[in-house]
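Written out below as structure tokens is the structure these notes cover.
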Amino acid sequence: MNILRKQFLAHVGQTSPSPMLVEVERAEGVYFYTPEGKRYYDLIAGVSVSNVGHANPAVVKAVQEQAAKYMHVMVYGELVETPQVRYAKLLAEHLPGEIESIYFLNSGAEAVEGALKLAKRYTGRTEMISMRRAYHGSTHGVMSMMGQPEGEEWKQAFRPLLPDTKAIEFNDFEALTEITERTACVLVEPIQGEAGVRPPAKGYLEALRRRCDEVGALLIFDEIQVGMGRTGAMFASTRLGVTPDIICLAKALGGGMPLGAFAARHEIMDTLQTNPVLGHITTFGGHPVCCAAGLAAMEYLLANRVLEGVETKGALYESLLKDHSAVREIRRAGLLLAVELGRSDRLYRIMEIFKEIGILSDWFLFCDTAFRISPPLVITEAEILESVLLIREALDRLETELP
Ligand code: PLP
């Protein structure tokens with residue numbers, strides 16, 4: 001083992017006993033490279049982060065220029081900072097319904113934390129409902145909203161968590177009656193990500209919206225993984241035709257820099273201004289360099305009409321992989337695919353083969369039988385074809401090694 005890897009294990013806090021240990025020297029487009037010059041296809045884009053590709057020149061330029069002008073000046077929300085304002089305005093133009101007030105933070109978990117607090121503050125209620133097999137982040141509050149029972153193993157070790165939370169089954173219409181006048185909010189990923197790409201059943205989100213309206217609960221969409229173009233629309237809610245009260249964003253929002261946000265109509269968001277004032281505060285939220293990067297990435301997606309190609313690219317992956325005998329099923333939303341192998345031993349083995357042949361993939365927190373394909377949205381047809389050849393080679397080997 002080389003010295004850097006040894007130091008990585010010795011000094012960089014670990015939460016897994018078996019990290020990949022692949023060293024990154026540089027990344028560009030859909031690839032990253034090791035110091036030995038080995039090329040990897042990045043088929044997860046930092047888990048739906050690098051939508052405009054690694055080292056996208058427009059994002060690099062925006063980061064460099066903003067870093068040279070000013071970085072952090074003052075805690076969030078006091079000074080008028082151009083990248084933050086311009087980005088908030090552009091997002092507001094594309095967010096569904098009348099959502100136009102955007103509160104920037106540093107990560108996905110923080111975005112969800114802020115949204116939950118806002119829902120409690122606005123409704124004056126305490127009960128918060130989430131969905132089974134949901135993942136929203138790893139802080140205490142958000143972990144309380146991790147869907148049971150799959151998240152139970154993680155949650156148990158960190159109790160006590162937030163009281164008055166419960167999880168209902170995603171896509172179960174009957175369970176909607178559990179949402180009542182006591183409920184402050186329902187938190188849902190409109191397409192479940194870490195459950196292994198589970199889209200909503202026909203009419204489910206509409207029924208959820210109606211139930212929330214009936215009882216006066218706020219509907220929060222977590223679009224942290226599926227927002228910013230992953231499904232082929234800038235926001236999945238627009239594509240699915242259901243408008244939430246609060247929407248959470250992160251991952252691709254920062255164009256590769258750490259940035260999260262929760263957004264709502266003014267009437268809701270403005271409740272954080274009084275009783276108490278400073279209802280939610282953060283030092284670095286909406287960092288000017290992160291906002292400049294995110295703004296450049298979103299402008300790039302729009303100017304180059306990248307989203308128009310997402311559905312076709314996702315469908316191409318699906319059509320080229322679904323006939324392989326090792327593949328049981330493919331679940332897909334735009335360029336987010338779960339390739340179902342039906343067996344976890346096969347999944348663990350294919351990860352090793354991928355590593356060997358130069359593919360970076362991953363499994364899902366609540367689905368250890370499927371691997372993920374969620375490359376940068378700018379991936380070309382030629383790159384899809386070449387990566388499919390590699391994936392099929394890995395699938396062939398899998399069938400021989402683990403019949
Ligand atoms: N919400 C969803 C749907 C996610 O997929 C994730 C991360 O994977 C998060 C929230 C948490 O985001 P972060 O890791 O930035 O806290």
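The first residue of the sequence shown is numbered 1, and numbering continues consecutively from there. Just so you know, ligand 1 is whichever comes first in the structure, and atom 1 is the first atom listed for that ligand.
- Polar contact with ligand 1: present for Q225 (N/O pair, distance under 3.5 Å).
- Contact check on R39 versus E386 returns a salt bridge, with a Lys/Arg side-chain nitrogen under 4.0 Å from an Asp/Glu carboxylate oxygen.
- At the shortest separation from atom 16 (O) of ligand 1 among protein heavy atoms lies A109 N, 2.8 Å.
- Between Y204 and F170, the ring-plane angle classifies as perpendicular under the 30° and 60° cut-offs.
- The single protein non-hydrogen atom nearest to atom 15 (O) of ligand 1 is G108 N, 2.8 Å, given as residue, atom name and distance.
- Looking at A250 next to ligand 1, no N or O pair under 3.5 Å apart turns up.
- A donor atom on one side chain and an acceptor atom on the other are found under 3.5 Å apart for S387 and Y317.
- Note: D368 CG to L347 CG = 6.5 Å, rounded to the nearest 0.5 Å.
- D222 counts as a contact of ligand 1, since one of its heavy atoms falls under 4.0 Å from the ligand.
- In this structure, K251 is part of the shell of residues with a heavy atom less than 4.0 angstrom from ligand 1.
- A salt bridge is absent between K322 and E318: the closest approach of a Lys/Arg side-chain nitrogen to an acidic carboxylate oxygen does not fall below 4.0 angstrom.
- The aromatic rings of Y40 and F32 lie parallel to each other, their planes meeting at an angle below 30°, with 60° marking the opposite boundary.
- Scanning all protein heavy atoms for the shortest distance to atom 10 (C) of ligand 1 gives H136 O, 3.1 Å.
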